[in-house]
Amino acid sequence: ALLPQRAGAALQDYFTGVDEARDAAQQYHTRTIAQAQRLQQAEQLLQENKHLRELLELRNESTGPAKAVQVLYETADPYSHNIVIDKGALSGIAPGSAVVDVAGVVGQVTRVYPLSSEVTLLTDRDAAIPVLNTRTQQRGAAFGGAEGGSGLELRFMAGNADVQAGDALTTSGVDGVYPPGLPVARVARVERRSDAGFARIVLAPMAAMDNLRHMLVLE
């Protein structure tokens, strides 16, 4: 007579155990995801802290006043390479100021608003910067827009000019905008053609243009 009751109780205990096991598995999965997120956030904070320390050292080494800024967003124009930073005229940002990060020159402030500013990156097709080859001390001008907008190009260099892949280019300072000696780019490749008077020299920017966050605006 007690067998049906015992069977029912056992069946109820079985389903209760299944539900508890399912809940425990779900809680474990949730905790695992949360721990992974915390580890990822901690790694991101460590990298950001390292970058900020390097930026602070760069600020201390700068020959003139500089303001630390942070990237807010990229502009919506698909035909230009511009970013918006979190400081503007109220913070003393002026049009034409050079913008750098720990790796090298990023670009130039082209528009200033009260609380934000717009920076044109070196890779923009309308950007240009005078440069100096550190190996040969030869001056030139680098223009943005090369390699589909991800690189620069050293234009108006003779086909037999002494330029080699790997040459480092820095600011020459002749324009009065960028202080001399700031890293700009490295020669990625040189294309020489016998039927052309100028060589095509493609440059790779020192700064990671697609991964900008904290920078300095030089006054």
Side-chain angles (χ1 to χ4, degrees), residues 44 47-48 51-52 54-55 58-59 62 64-132 140-157 168-179 182-189 191 198-219:
Q44 183 177 357
Q47 293 295 332
E48 183 175 346
H51 185 78
L52 289 174
E54 293 174 346
L55 199 65
L58 177 63
R59 183 176 183 177
S62 177
K67 287 184 172 62
V69 297
Q70 185 172 346
V71 177
L72 294 177
Y73 57 88
E74 296 182 6
T75 57
D77 186 0
Y79 300 103
S80 64
H81 288 186
N82 296 338
I83 57 175
V84 176
I85 57 178
D86 62 347
K87 290 184 180 179
L90 296 179
S91 299
I93 303 297
S97 300
V99 182
V100 301
D101 74 349
V102 294
V105 178
V106 171
Q108 185 177 6
V109 176
T110 49
R111 293 182 182 178
V112 178
Y113 308 101
L115 299 177
S116 62
S117 301
E118 191 171 317
V119 177
T120 299
L121 303 181
L122 290 181
T123 52
D124 186 86
R125 59 183 179 180
D126 295 327
I129 180 173
V131 294
L132 178 72
F143 296 81
E147 301 294 281
S150 62
L152 298 90
E153 186 175 354
L154 190 62
R155 299 179 186 173
F156 311 119
M157 299 295 291
L169 304 180
T170 63
T171 51
S172 63
V174 298
D175 59 347
V177 175
Y178 298 97
L182 297 176
V184 176
R186 192 174 295 277
V187 176
R189 68 177 186 274
E191 300 175 1
F198 297 104
R200 184 171 186 268
I201 304 172
V202 179
L203 311 176
M206 294 288 195
M209 298 298 178
D210 56 348
N211 192 27
L212 297 172
R213 189 169 184 185
H214 299 281
M215 303 173 297
L216 289 180
V217 176
L218 306 182
E219 297 183 4

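Every heavy atom of this structure was used, including side-chain atoms; hydrogens, water molecules and symmetry mates were not.
- The nearest pair of heavy atoms linking P205 to G151 is CD-CA, 4.1 Å.
- Here F143 contributes atom CZ and I129 contributes atom CD1; the two are 11.0 Å apart, rounded to the nearest 0.5 Å.
- Side-chain atoms of T171 come within 3.5 Å of backbone N or O of L182 as a donor-acceptor pair.
- D101 is listed as a side-chain neighbour of L212, based on a closest heavy-atom distance under 4.5 Å.
- Here the closest non-hydrogen pair linking R155 and G144 is NH2-O, 3.8 Å.
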Distance-only criterion, 3.5 Å: show the donor-acceptor pairs between side-chain atoms of residues 108-115 and protein atoms not counting sequence neighbours.
from: Q108; atom 1: NE2; to: G96; atom 2: O; distance (Å): 3.2
from: T110; atom 1: OG1; to: E118; atom 2: O; distance (Å): 3.4
from: T110; atom 1: OG1; to: T120; atom 2: OG1; distance (Å): 3.0

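- Of all heavy-atom pairs spanning A103 and A207, the tightest one is CB-CA, 3.9 Å.
- Here OH of Y73 is found 11.0 Å from CG of N82. Values are rounded to the nearest 0.5 Å.
- The shortest heavy-atom contact between A142 and V131 is CB-CG1, 4.1 Å.
- Counting heavy atoms from C-beta on, the side chains of I93 and S117 come closer than 4.5 Å.
- Minimum heavy-atom separation, M206 to P183: CG-CB, 4.1 Å.
- In this structure T123 satisfies the side chain to side chain donor-acceptor pair (under 3.5 Å) test together with H81, sequence neighbours excluded.
- Atom CE of M157 sits about 15.0 Å away from atom CZ of R200, to the nearest 0.5 Å.
- Of the possible donor and acceptor atoms, one in the side chain of K87 sits under 3.5 Å from a partner among the backbone N and O of A68.
- Taken from CG in L152 to CD1 in I201, the straight-line distance is 12.5 Å, to the nearest 0.5 Å.
- Qualifying side chain to side chain donor-acceptor pair (under 3.5 Å) partners for D210, counting only residues two or more places apart in sequence or in other chains: none.
- A distance of 10.5 Å separates CG in L203 from CZ in R189, rounded to the nearest 0.5 Å.
- Between M215 and V71, some side-chain heavy-atom pair lies under the 4.5 Å cut-off.
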